[in-house]
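Being a predicted model, the structure only gives us computed values, none of them experimental.
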Amino acid sequence: MANKDREPLPRRKRTAWVHILMFPEERLAWQSLAKNEGLSLADFIRKRVGQPVLHSTHPRQKPRPAPRVDPELVRQIARVGNNLNQIARGVNERNMTAIKVLIFLTVIERDLEKLLDGTH
């Protein structure tokens, strides 16, 4: 039977935890060893104790730093999100009519347009 005819194995998810207390310098040393082998710390430990590494062993890329944004813009967008949550709550509790929902959504749309235009 050819490889392409085989059914893929079911994907397993690890759900059990093992906690190890160590000194900070020990952790740094282990992380350095793992990085040198192109492994995550967990995969490095699995490899050292003879367990299979089930997923890609490519080193994780560091997340990019968050871009700097205008704090006032963040507040305005948070207000819009809060309004959407209130609308959703009202709809779920069935105490808002379709007309009220449309009115509130129109107001939110206008607010977002103002934010995009830079007139906040």
So, taking the atom named [atom1] in [X] and the one named [atom2] in [Y], what distance separates them when rounded to the nearest 0.5 Å?
X	Y	atom1	atom2	value
R48	D43	CZ	CG	13.5 Å
D111	I77	CG	CD1	11.0 Å
L105	I87	CG	CD1	4.5 Å
Q76	L112	CD	CG	10.0 Å

**Q.** E72/R75 salt bridge by N-O under 4.0 Å criterion
**A.** yes
(Q) Looking at D117 and K114, is there a salt bridge between them, counting it only when a charged N and a carboxylate O are closer than 4.0 Å? (A) no
Is there side-chain contact between [X] and [Y], with heavy atoms separated by less than 4.5 Å?
X	Y	value
Q31	L28	yes
N36	S32	yes
I45	V18	no
F104	Q86	no

(Q) For A34 versus S40, what's the shortest heavy-atom pair and its separation? (A) CB-O, 3.8 Å
Q: Under 4.5 Å between side-chain heavy atoms, chaining through other members, with only Ile, Leu, Val, Met, Phe, Trp and Tyr counted: pull out the rest of the cluster around L102, sorted by chain and number.
A: none
Starting from [Y], can I reach [X] by hopping between I/L/V/M/F/W/Y residues whose side chains sit under 4.5 Å apart?
X	Y	result
L39	L33	yes
I108	V91	yes
V107	V101	no

